[in-house]
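All remarks here apply to the structure that follows.
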Amino acid sequence: EAKGAGRNQIKEFDPAMRRSALERLHLEQELRRALRAGDVVVHLQPIVDLATGLPESFEALVRWHTEDRGWVPAPTIISLAEETGLIVPLGEQVLDLACEAIARIRRLTGAPIRVAVNTSAMQLLRPGFGDTVRATLERHGLPSDALVLEVTESILLDEEGLARGTLRDLHVQGVSISLDDFGTGYSSLSYLGTFPLDQLKLDRALVTGTAETATGAAVLAGIIRITQNLGLPVVAEGLENLADVKRLRGLGATLGQGWHYARAMAPQDALDWALARVTDGQRTEPGVTWSSERPS
Ligand code: C2E
Ligand code: MG
Ligand code: MG
Ligand code: MG
């Protein structure tokens, strides 16, 4: 009976679904191999101070190039990794590469630029995540305030409070916590007070989608006002042109990220970008204090 039912189920399995399941299995095997081979890398996108245009940090974004697929989109990599548990080794690799890259950028620019690393709830729910973070910072000779962890509202589904505890410990030790994709979730705003947050990142959908209508603009202005009342700086994502920059700066965003400034770049290009900006900033804006920390 059971056998027959099973066979029936397989027969009813839609061929397109079967194809995509096989495709996914294949991709999983490839990802496993890529992680071992060191083919999963990070690119860095600057987050700039909207007042000076100088880099405040870089966001590390996972990148994976395969011969037959080209660049696999980050959301595809991440959802596959989360479904298969590969997110844990992948996350560790991303963190390590991000720290390695920012340590070099800090050394060569002399500027205390930070690195923001996206962190899945699954990583935070594993005991030992805090130890991994501390060991990684130490391995690269970085102070804890060089690191920003970007988390999403999904960490609220943390009933035992494990993720919350880990974040609190890291926060006390000086790691910054940034709430990513803010404005797209459905949870109540009351959680904002229950997490150790240092920064909010307005999702790109909110930045680009709200320019057109008066209602949209009012919602965006309201959200920014809330974060200001909480005393948290706002990072505006998806600034694609000067008009976006001016609009968001006018609304009170202090930091920004987007194609207007730069796309995510390979670490060497990010270093060159930062060197050019920091050097230029020194020349044109002598009041920027951290430039003076640059070694001779
Ligand atoms: P996110 O963390 O919100 O990252 C911002 C996304 O917006 C990035 O897409 C970035 O390339 C893109 N972006 C930045 N500026 C602009 C712009 O001006 N215009 C447009 N159209 N797009 C812009 P990406 O790299 O494809 O990453 C997508 C998402 O995948 C990320 O969204 C994040 O949720 C996730 N992700 C990426 N890397 C990692 C990682 O290492 N770990 C985890 N857990 N998630 C990651
Ligand atoms: Mg992010
Ligand atoms: Mg984001
Ligand atoms: Mg986003």
Side-chain angles (χ1 to χ4, degrees), residues 31 34-35 39-48 50 55 57-65 70-102 114-126 129 132-133 136 147-155 163 176-185 197-209 211 223 234-245 247-248 253 255-267 269-270 273:
L31 180 58
L35 280 169
D39 288 344
V40 174
V41 299
V42 296
H43 280 186
L44 300 173
Q45 185 181 33
I47 297 174
V48 308
L50 291 178
S57 51
F58 281 94
E59 180 174 9
L61 295 158
V62 70
R63 294 292 182 261
W64 176 29
H65 189 270
W71 294 99
V72 182
T76 306
I77 303 171
I78 296 305
S79 63
L80 179 70
E82 285 179 340
E83 281 167 28
T84 55
L86 286 172
I87 192 67
V88 172
L90 182 146
E92 284 179 12
Q93 202 154 310
V94 164
L95 180 68
D96 188 62
L97 292 169
C99 287
E100 179 183 48
I102 209 66
R114 308 191 292 166
V115 72
V117 179
N118 293 285
T119 309
S120 289
M122 276 179 76
Q123 292 174 265
L124 279 164
L125 287 169
R126 294 219 356 161
F129 177 75
T132 301
V133 170
T136 307
L147 180 66
V148 180
L149 293 179
E150 294 196 3
V151 300
T152 61
E153 284 179 15
S154 60
I155 52 162
S176 291
I177 314 296
S178 179
L179 189 65
D180 206 351
D181 302 339
F182 186 62
T184 56
L197 292 177
D198 298 280
Q199 192 182 74
L200 293 163
K201 291 189 84 173
L202 289 180
D203 195 71
R204 176 160 52 87
L206 213 63
V207 171
T208 48
I223 289 177
V234 173
V235 186
E237 267 186 10
L239 301 177
E240 293 190 347
N241 50 53
L242 189 59
D244 288 342
V245 172
R247 193 162 50 86
L248 271 294
L255 297 166
Q257 172 181 6
W259 297 348
H260 172 70
Y261 293 103
R263 298 197 180 216
M265 300 168 273
D269 295 330
W273 189 94

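Whatever order the structure lists ligands and atoms in, that order sets their numbers, starting from 1. Excluded from the calculations below are hydrogen atoms, water molecules and symmetry mates; all remaining heavy atoms, backbone and side chain alike, are included.
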Exercise for review: Look at ligand 1 and say whether Q45 reaches it with a heavy atom at a distance under 4.0 Å.
Suggested key: yes
Review point. Among the heavy atoms of A264, does any lie under 4.0 Å from an atom of ligand 1?
Key: no
Point to revise | Side chain proximity check, V115 to V148, heavy atoms < 4.5 angstrom | key: no
Review point. Would E59 count as a contact for the Mg ion (ligand 2), in the sense that one of its N, O or S atoms lies under 2.8 Å from it?
Key: yes
Practice item. Answer yes or no: is there a side-chain heavy-atom contact under 4.5 Å between L50 and L239? Key: yes
Check your understanding: Out of curiosity, is H260 lining ligand 1, as in a heavy atom under 4.0 Å away?
Key -> no
Practice item. Check whether any heavy atom of P73 sits under 4.0 Å from an atom of ligand 1. Key: no
Check your understanding: Is the Mg ion (ligand 2) under 2.8 Å from any N, O or S atom of S178?
Key -> no
Exercise for review: Under 4.0 Å, heavy atoms only, figure out whether ligand 1 is touched by the backbone of R204, its side chain, both or neither.
Suggested key: side chain
Review point. Is the Mg ion (ligand 2) under 2.8 Å from any N, O or S atom of D180?
Key: yes
Review point. So is there a nitrogen or oxygen of T119 less than 3.5 Å from a nitrogen or oxygen in ligand 1?
Key: no
Review point. Heavy-atom contacts under 4.0 Å between R63 and ligand 1: side chain, backbone, both, or neither?
Key: side chain
Donor-acceptor pairs under 3.5 angstrom involving side-chain atoms of residues 257-264: please list them, not counting sequence neighbours.
{"residue": "Q257", "atom": "OE1", "partner": "K201", "partner atom": "NZ", "Å": "2.8"}
{"residue": "Q257", "atom": "NE2", "partner": "Q45", "partner atom": "OE1", "Å": "2.8"}
{"residue": "Q257", "atom": "NE2", "partner": "E59", "partner atom": "OE1", "Å": "2.7"}

**Study point:** Contact partition for D203 relative to ligand 1, non-hydrogen atoms under 4.0 Å
**Key:** neither
**Study point:** Sequence-distant partners of E83, side-chain hydrogen bond (donor to acceptor under 3.5 Å, both in side chains), two or more places apart
**Key:** R24
